[in-house]
Amino acid sequence: MERLRLTIQYDGTFYAGYQVQPNGNTIQAEIEKALGKMHKGHIVKVTASGRTDAGVHALGQVVHFDTPLNVPLENWKRALNPILPDDIQVVSAERVSSDFHARYDTTGKEYRYFVRNHKEPDLFRRHYTHHVRADLDVETMMRACQYIEGEHDFTSFCSPKSDVKGSKVRTIHEASVTRQESEIIFTFRGTGFLYNMVRILTGTLLEVGRHEREAEDLTRVIEAKHRDEAGNTAPPRGLFLWQVYYD
């Protein structure tokens, strides 16, 4: 047996999320189905760096699995992609040590959230951006980002549905906002993220951008440690798991 690590990308529009569940098709189910075909019907379980919700996309999701097959490394991508759905693709495959764990060995992740800031929606980007008609003040949102960076208890930015029982302290190395013509990109890079954390951070920053709250209000929201103090949860379609980091 050897352990492999795959980097995969997917369009989450028509999936009920990454993780296998009783109702609705999932990314994990499709990957395991494809691996099952390669393994002549034997069940192959994959472990991911983390879950993504329904409608959320990924450019750099990482999974690992164990296999008895003696397949040249360069052939895994070539073999899996034709039997995966068109909206799920293997980017790369590599051998790792038997104790490598896609989830527990992560040292950080990067998420990006895309907003179309224009009076008119873009039909062809509707699954990949959140459309906001109101003018957004990027400079003020960028100022608010400085209060997000660093080590904080992010309870205020965590869904009550989270199953995290322990500490909600996380370290954000980068929180930034940039504009490219009519598109605004929110980037969050840190040691780890809570359930819905990036979408709640984005929703709160959008309120700052619309001048519905001050940039400095982020300090109070963090200190409150209560979900009701933060902004709305931005919809899933604009969110991408961009990259997963390992030592």
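All values derive from a computational prediction rather than experimental measurement.
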message = For Ser182 versus His118, what's the shortest heavy-atom pair and its separation?
response =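 The pair with the smallest heavy-atom distance is CB-CD2, 4.0 Å.
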request  = Write down the atom of His57, the atom of His127, and the distance for their closest heavy-atom approach.
outcome  =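 Answer, listing the atom of His57 first, then His127: NE2-O, 2.8 Å.
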Side-chain heavy atoms nearer than 4.5 Å, only ILVMFWY residues, links allowed to pass through others: does that put [X] and [Y] together?
X: Tyr111; Y: Phe114; result: no
X: Leu205; Y: Ile222; result: yes
X: Val71; Y: Leu73; result: yes
X: Leu6; Y: Tyr18; result: yes
X: Leu241; Y: Phe14; result: no

Set of residues satisfying side-chain hydrogen bond (donor to acceptor under 3.5 Å, both in side chains) with respect to [X], sequence neighbours excluded:
X: Thr202; value: none
X: Arg170; value: none
X: Asp105; value: none

task = Could you walk me through whether Tyr246 and Phe100 pass ring-ring contact (aromatic ring centres under 6.0 Å, His included), step by step?
result = CA-CA 10 Å; Tyr246 297 91; Phe100 170 80; 5.2 Å; yes
request  = Determine whether more than 12 heavy atoms belonging to other residues, nucleotides or ligands lie under 6.0 Å from atom CD of Gln21.
outcome  =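 Yes.
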Using side-chain contact (heavy atoms from CB on, under 4.5 Å) as the criterion, list what pairs up with [X], not counting sequence neighbours.
X: Ile172; value: Ile148, Phe154, Ala175, Phe193, Met197
X: Thr107; value: Tyr245, Asp247
X: His173; value: Thr171, Arg189, Thr191
X: His42; value: His39

key: Validation row, ring centre Tyr10 to ring centre Tyr15 under 6.0 Å   =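 Not under 6.0 Å, so no.
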Only pairs at least two apart or in different chains count here, so list each salt bridge (Lys or Arg N to Asp or Glu O under 4.0 Å) that has a residue in [range].
range: residues 217-242; value: Arg213-Asp217, Asp217-Arg220, Arg220-Glu229
range: residues 59-77; value: Arg3-Asp66
range: residues 48-64; value: Arg51-Asp163, Asp53-Arg199

request  = Assign the ring pair Phe65 / Trp76 to parallel, tilted or perpendicular, where the plane angle (0 to 90°) is split at 30° and 60°.
outcome  =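 Taking Trp76 first and then Phe65, their aromatic rings stand perpendicular (interplane angle over 60°).
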ask   = Parallel under 30°, tilted from 30 to 60°, perpendicular over 60°: which one fits the rings of Tyr128 and Phe240?
value = tilted
query = Which side chain to side chain donor-acceptor pair (under 3.5 Å) pairs, counting each pair once, include a residue from residues 141-151, with sequence neighbours left out?
reply =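 Only Arg143-Glu216 qualify under side chain to side chain donor-acceptor pair (under 3.5 Å).
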Test side chain to side chain contact (heavy atoms under 4.5 Å, CB included) applied to Phe186 and Leu239, Thr178, Leu206, the passing residue = Leu206
inquiry  = Could you walk me through whether Glu174 and Thr187 satisfy the side-chain hydrogen bond (donor to acceptor under 3.5 Å, both in side chains) test, starting with their C-alpha distance in whole Å, then the side-chain angles of each, then the deciding distance to 0.1 Å, before giving a yes or no?
reply    = CA-CA 7 Å; Glu174 177 189 353; Thr187 300; 4.8 Å; no
key: Worked check of salt bridge (Lys or Arg N to Asp or Glu O under 4.0 Å) between Arg112 and Glu110   = CA-CA 7 Å; Arg112 296 188 187 183; Glu110 179 178 331; 2.8 Å; yes
Glu120 vs Arg133, salt bridge (Lys or Arg N to Asp or Glu O under 4.0 Å): CA-CA, chis, key distance, verdict = CA-CA 7 Å; Glu120 299 295 333; Arg133 290 183 175 84; over 6 Å; no
inquiry  = Test salt bridge (Lys or Arg N to Asp or Glu O under 4.0 Å) on Arg5 and Glu94; report intermediate values, then the result.
reply    = CA-CA 5 Å; Arg5 176 168 80 184; Glu94 56 187 304; 3.0 Å; yes
Spacing of Gln9 atom CD and Thr7 atom OG1 [to the nearest 0.5 Å] =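 That separation rounds to 10.0 Å.
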Report all side-chain donor-acceptor pairs from residues 22-30 shorter than 3.5 Å, counting only partners two or more places apart or in another chain.
| residue | atom | partner | partner atom | Å |
| --- | --- | --- | --- | --- |
| Asn25 | ND2 | Glu30 | OE2 | 2.6 |
| Thr26 | OG1 | Ala29 | N | 3.2 |
| Gln28 | OE1 | Val20 | N | 3.0 |
| Gln28 | NE2 | Glu32 | OE2 | 3.0 |

